[in-house]
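Step one of this worksheet: look at the structure below.
Numbering of ligands and ligand atoms starts at 1, following listing order. Just so we're clear, the structure is a prediction, and the values are computed from it rather than from any experiment.
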Amino acid sequence: MVRVRFAPSPTGFLHIGSARTAIFNWLYARHTGGKFLLRVEDTDLKRSETRFLDEILEDLKWLGLDWDEEPIFQSRRFDVYRAKAAELVAKGKAYKDGDAVLFKVEPGRTIAYEDLIHGRIAVETETIKDQVMIKSDGSPTYNFSCVVDDAHLGITHILRGDDHISNTPKQIIFYEAFGLEPPRFGHMPLILGTDGAKLSKRHGGVSVEEYKREGFLPEALANYLVLLGWMPKDGREVMPPAEAVRLFEISEMNDVQAKFDIQKLRWLNAEYIMKAENTRLLPLIKSQMEAAGFKTAAIADDYLARVLDLYKVRTKTLGEFPAMTDCFFREDFAYEDEGKKHLETPESREYLALLADRLAGTGDFTHDAIEAVFREFAEERGIKAGQVFHPARMAVSGKTKGAGLFEMMEVLGRERVVARMRRAANG
Ligand code: GLU
């Protein structure tokens with residue numbers, strides 16, 4: 001049975017690259033009916049913090065990952081590592097240097113393995129110096145505790161970043177020393193920005209928590225991270241987690257560096273927002289609005305849902321929603337500079353004033369009825385529809401773009417629409 005693990009160090013927030021590692025291990029476990037385990041690599045007692053661990057676990061759950069068995073903590077297993085190191089000293093394979101314990105690397109050998117992603121990787125032992133297993137402060141090194149624990153957990157496959165390629169031969173040497181069969185390793189190429197540089201803040205953020213905060217849906221982020229390591233044969237890109245689990249093949253993983261393209265992630269996010277249920281989006285939208293300074297307690301859910309219906313096909317992140325829709329929630333919204341010209345001519349003001357009067361007197365205030373008023377007016381005057389649409393859109397929303405003009409007006413309601421058109425007419 002496949003047993004894989006994710007081994008975060010709780011010394012910071014969950015990095016996008018680590019999240020991708022976690023997702024692929026999870027995908028492999030779920031695809032094969034195996035187990036996905038968590039191991040907390042908190043051997044650096046000074047830098048490890050519970051708040052980071054809590055956030056990492058929360059982010060993993062948020063991304064839709066679940067794990068089997070209780071997580072193990074390396075900080076609670078120092079005795080085990082020391083005992084394992086002593087075992088190798090007793091076998092003559094390691095030696096003590098003060099309080100530290102080092103592994104004797106035998107020269108003249110080739111350590112080779114078949115990487116699941118890159119194919120054969122071989123390293124000469126001449127290039128590997130004696131390996132510290134236990135440091136003089138009694139704590140284990142990463143390579144040593146990693147092997148002791150992966151063996152203890154019965155890990156069969158290890159998918160991790162390319163930054164660990166140089167560690168793998170050192171780990172294989174420990175497996176040999178214990179007389180154990182090493183697991184299969186697969187190293188995923190690192191994620192770069194579209195400019196080819198190491199992923200950093202300027203490419204759009206490096207931690208999962210930032211994307212959560214900006215209003216990305218977890219399945220969109222997870223879907224995107226999957227595409228940064230693998231794509232199904234049929235080339236489909238919108239692939240909810242259950243689909244990815246079904247289609248995933250470890251042998252199809254990319255061996256070239258992945259470029260993190262925020263525009264593509266935004267596009268995927270929009271796809272998921274569009275299809276999401278309002279009941280799910282409403283609380284998320286509310287927290288975005290609160291963060292943007294709106295008081296949502298005073299906003300009725302059904303009103304918010306109507307605005308959402310107009311904008312869920314237009315917003316790429318939930319974080320953009322408050323600014324796109326501010327005219328629905330406040331009277332003192334600003335006029336966009338680029339649209340002000342539509343409100344500055346005497347004719348446009350005259351049209352707005354006359355249209356406001358007509359809208360004040362129409363029967364229904366529905367999309368269709370409002371549109372009829374506008375079309376009739378333009379026809380009577382012999383003007384192009386745009387000559388009244390642009391000023392009206394600016395007057396009611398302050399923006400040159402947004403949802404359909406008449407849909408917006410219907411949701412805003414007669415009173416606000418008429419007042420806003422009169423206000424714009426009066427300059
Ligand atoms: N704690 C290590 C890391 O975060 C784990 C590496 C591994 O998967 O072996 O990079």
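- Taking a heavy-atom cut-off of under 4.0 Å, ligand 1 is surrounded by Arg5, Ala7, Ser9, Glu41, Tyr142, Cys146, Arg160, His164.
- Within the cation-pi definition used here (under 6.0 Å to the ring centroid, within 45° of the axis), Lys275 qualifies as a partner of Tyr272.
- Trp62 pairs by the ring pair (Phe, Tyr, Trp, His ring centres under 6.0 Å) definition with nothing, not counting sequence neighbours.
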Output a table of donor-acceptor pairs, distance under 3.5 Å, between side-chain atoms of residues 4-17 and any protein atom two or more places apart or on a different chain; print 'none' if there are none.
residue, atom, partner, partner atom, Å
Arg5, NE, Asp150, OD1, 2.9
Arg5, NH2, Asp150, OD2, 2.9
His15, ND1, Gly17, N, 2.8

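- With sequence neighbours excluded, the residues that form a ring pair (Phe, Tyr, Trp, His ring centres under 6.0 Å) with Tyr311 are Phe328.
- The cationic group of Arg330 does not satisfy the cation-pi geometry with Phe333, failing either the under 6.0 Å distance to the six-membered ring centre or the 45° limit from the ring axis.
- In this structure, OG1 on Thr296 lies 9.0 Å from CG on Asp301, to the nearest 0.5 angstrom.
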